[in-house]
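Okay, structure first, notes after.
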Amino acid sequence: MTILWLLAALVLACSPVQAADRTIYLTFDDGPLDGTSNILDVLQAENVPATMFMVGLHAKSSPESMALVARAKSMPLVTLGNHSYSHAFNRYRKFYADTEGVVADMVRANAVLGLEVPTHARLPGRNVFRLPNISTNDLSIDRIEIGIEEPDYEFVAATGFWLYGWDHEWVHDGTGKPVQSVTRLVSEIDHMFTGKVRFVRPNKLILLMHDEMFQDTFNGTANLTALIQGLRQRGYSFGHLPDYDSLN
Ligand SMILES: [Zn+2]
């Protein structure tokens, strides 16, 4: 009996159930869009923190969008982040060739979103970190987008925009429909923690998602609830992004 208990304890010790020191940071890009209100509802119902990296132009598109920004800002669980004013109009080469233009665009988004520096920010289309204790570049740029310009990220950070990238993505297709099932995504996250994947910060995983994935047509509310409950069941914690860079 003693050996059986010992074995059970060993199995538990090795399983993700013991993963409370493994922290997931939920991040949602490109809002406010269809899907944003569902996300906020789920965060509230499940009582988990998350970061909404919003786009100034989307916020300004309607009073309803501005109301979503205000709602996100009013929620202590939510960190409101800057994801640029224009989203580079999805013309990244032109946008990133001009560092001062990038900063001006970020400043403009801060004005719309009511944010102050230092601001938690994510640049459109760039998986780059520039934080007091972390600096990493977007490896995919060299690999698949040779020739695309890169701004002076140090300058962008020095003007007060702390840049966050991501470790893993819940991918979506051109319509916004999620590609991986919730089960598949949870399994991918398990494998990342148990495998040899190097995180930007050990035992901390920043998950990238997009607001448009959580529209009613894609069962957004049910999907996000299932993801959060699935990760919680497996013992993961959910972190506040402003704590991510702390060395403690
Ligand atoms: Zn984006």
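In listed order, ligands and their atoms are each counted from 1. We number each residue from 1, following the sequence as shown. Quick caveat: nothing in here was measured; it's all calculated off a predicted structure.
At least one cation-pi condition fails for Lys204 and Tyr25: the charged atom is not both under 6.0 angstrom from the six-membered ring centre and inside a 45 degree cone around its axis. Under the 6.0 Å distance and 45° angle rule, Arg122 does not count as a cation-pi partner of Tyr164.
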I would like to know whether Phe28 and Leu208 meet side-chain contact (heavy atoms from CB on, under 4.5 Å); could you show each step before the answer?
CA-CA 6 Å; Phe28 300 89; Leu208 165 65; over 6 Å; no

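The set of protein atoms (N, O or S) found at less than 2.8 Å from the Zn ion (ligand 1) reads Asp30 OD1, His83 NE2, His87 NE2, by chain and number.
For the residue pair Arg108 and Asn82, no side-chain donor N or O sits within less than 3.5 Å of a side-chain acceptor on the partner.
Note on residues 51-71: pairs passing salt bridge (charged side-chain N to carboxylate O under 4.0 Å, His left out), not counting sequence neighbours, are Asp41-Arg71.
For the side-chain contact (heavy atoms from CB on, under 4.5 Å) with Met54, the lone residue among Val112, Leu115, Val69, Asp29 that qualifies is Val69.
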